[in-house]
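Remarks on the structure that follows.
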Amino acid sequence: MMADLLGMDPDRIGRLRSPERLAYFDPARIWEVLRPAPDCTLIDIGAGVGFITLPFAKAYPGAKVYGCDILEGMVGLLAEDAAAQGLDNLAASLMRPNAIDLPDGCADIVIMAQVHHELDAPEPLMAECHRLLAPGGTVAIVDWKDEENGKSPAKGRRVPEATIRAHLTGAGFRDLDSHEIYEFHAFITGQA
Amino acid sequence: MSDESPNDGRDGTAADSIDPKLLEILVCPLTKGPLRYDREAQELVSEQARLAYPIREGIPIMLVDEARSLDD
């Protein structure tokens with residue numbers, strides 16, 4: 001029996017969980033680049049159905065993983081899937097739009113995947129990412145490329161990479177780097 | 001930042017404000033029909049169910065028991 005969807009559209013949830021996404025958005029590519037320590041702390045902001053959170057927690061059993069979302073339905077689904085997969089290193093938790101209930105400097109990695117283009121004003125959340133990271137920690141942003149490629153959303157719904165970089169710089173991140181690992185997504189990292 | 005988005009995180013309301021695009025994944029839990037975002041009231045309105053679901057501290061509360069009846 002699936003957790004109560006609490007108003008989430010089942011069709012949309014089905015698409016988010018679709019394994020077909022793996023063909024062009026394999027989350028393992030992210031940690032191939034990040035090379036996290038086995039005992040790292042990772043926070044996934046806007047974790048949704050756990051497309052990234054679940055495989056990361058599985059690949060890094062010694063890591064502490066937080067999957068955060070503003071929808072209680074998502075948090076419920078993620079907690080249920082983590083329990084079903086025996087991932088006791090994964091905590092699903094409810095967040096407010098720009099506030100995660102975790103202490104300053106607690107994380108080695110903060111991931112925001114497919115979240116940026118949903119935000120009208122990403123700056124406060126970028127600042128929250130910086131607050132959560134230990135000095136030298138890594139923020140990792142994945143979002144649709146700003147191009148007509150048959151997958152990315154329509155213009156106006158995409159965020160140019162330069163804009164994401166400006167948001168990161170504005171929040172105090174340095175040593176920004178872009179990684180060409182996906183056909184349809186940009187992947188940008190920065191250091192706190 | 002444009003003048004249309006005064007919510008810059010420094011006015012004390014940012015934590016309580018929600019970006020409407022984040023709501024597109026939601027439907028009325030009762031009717032599964034569409035919701036309208038009432039930014040001023042911080043509610044998600046289901047005209048079909050005649051219910052308004054509250055958004056508290058930026059978190060939509062998608063429970064019929066917590067919803068306000070539009071007909072009261």
Side-chain angles (χ1 to χ4, degrees), chain A residues 3-17 45-46 48-49 68-77 93-101 112 114-131 143-144 153-154 156-159 163 166-167 170-171, chain B residues 1-70:
Chain A
D4 190 336
L5 286 180
L6 293 169
M8 296 189 303
D9 181 346
D11 292 340
R12 295 281 295 267
I13 298 300
R15 288 205 291 278
L16 287 173
R17 285 176 142 179
I45 293 178
V49 297
C68 307
D69 209 279
I70 60 159
L71 296 180
E72 290 197 86
M74 289 291 195
V75 174
L77 276 183
S93 55
L94 192 64
M95 62 178 277
R96 284 170 286 143
N98 295 312
I100 285 96
D101 196 12
M112 254 178 58
Q114 300 289 69
V115 177
H116 216 95
H117 71 277
E118 306 283 350
L119 305 176
D120 289 341
E123 292 88 346
L125 191 53
M126 296 287 99
E128 183 66 352
C129 292
H130 197 278
R131 181 190 73 77
D143 216 303
W144 293 111
R157 200 63 198 255
R158 308 185 298 244
V159 187
T163 306
H167 290 151
Chain B
M1 251 180 304
S2 71
D3 291 332
E4 288 81 45
S5 52
N7 184 357
D8 64 1
R10 290 184 287 274
D11 58 7
T13 61
D16 295 348
S17 156
I18 197 163
D19 283 308
K21 288 186 286 247
L22 292 169
L23 303 171
E24 291 174 6
I25 201 166
L26 294 175
V27 293
C28 172
L30 197 63
T31 65
K32 314 298 179 203
L35 296 164
R36 176 175 56 78
Y37 177 38
D38 184 335
R39 187 185 285 268
E40 200 162 309
Q42 283 297 296
E43 288 179 335
L44 292 169
V45 178
S46 170
E47 298 289 354
Q48 274 176 307
R50 305 295 297 154
L51 289 172
Y53 298 91
I55 299 173
R56 296 191 191 124
E57 296 192 327
I59 296 170
I61 312 295
M62 305 307 292
L63 298 168
V64 172
D65 287 351
E66 297 282 328
R68 178 177 69 83
S69 168
L70 297 181

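Below, chain A is the first sequence line, B the second, and so on; all start at residue 1.
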Worksheet item: Which atoms of Leu125(A) come close to chain B, meaning under 4.5 Å heavy atom to heavy atom: side chain ones, backbone ones, both, or neither?
Response: neither
Worksheet entry | Atom pair NZ (Lys21(B)) and NE2 (His117(A)), whose distance is rounded to the nearest 0.5 Å | 8.0 Å
Worksheet item: Partners of His130(A) by side chain to side chain donor-acceptor pair (under 3.5 Å), sequence neighbours excluded?
Response: none
Worksheet entry | Residue-level contacts of residues 26-38 of chain B with chain A, using a heavy-atom cutoff under 4.5 Å | Leu26(B), Val27(B), Pro29(B)
Discussion item. If I measure from the heavy atoms of chain B, does Leu5(A) come under 4.5 Å with its side chain, its backbone, both, or neither?
Written reply: neither
Practice prompt. Below 4.5 Å from any heavy atom of chain B, which atoms of Met74(A) appear? Answer side chain, backbone, both or neither.
Written response: side chain
Fill in: Side chain proximity check, Met62(B) to Met8(A), heavy atoms < 4.5 angstrom
no
Practice prompt. Kindly compute the distance separating CD1 (Ile59(B)) from CD (Glu72(A)), expressed to the nearest 0.5 Å.
Written response: 6.5 Å
Discussion item. For the CG atom of Leu23(B) and the CD atom of Glu118(A), what is their distance to the nearest 0.5 Å?
Written reply: 10.0 Å
Item to complete: Could you tell me which portion of Leu6(A) (side chain, backbone, both or neither) has an atom closer than 4.5 angstrom to a non-hydrogen atom of chain B?
Response: both
Worksheet item: When rounded to the nearest 0.5 angstrom, what is the spacing between CG in Leu71(A) and CD1 in Ile25(B)?
Response: 7.0 Å
Item to complete: Report the option among Arg157(A), Glu128(A), Met95(A) that has the most heavy-atom pairs separated by less than 4.5 Å from atoms of chain B.
Response: Arg157(A)
Fill in: Check: Asp19(B) side chain, Asp120(A) main-chain N or O, donor-acceptor pair, under 3.5 Å
yes
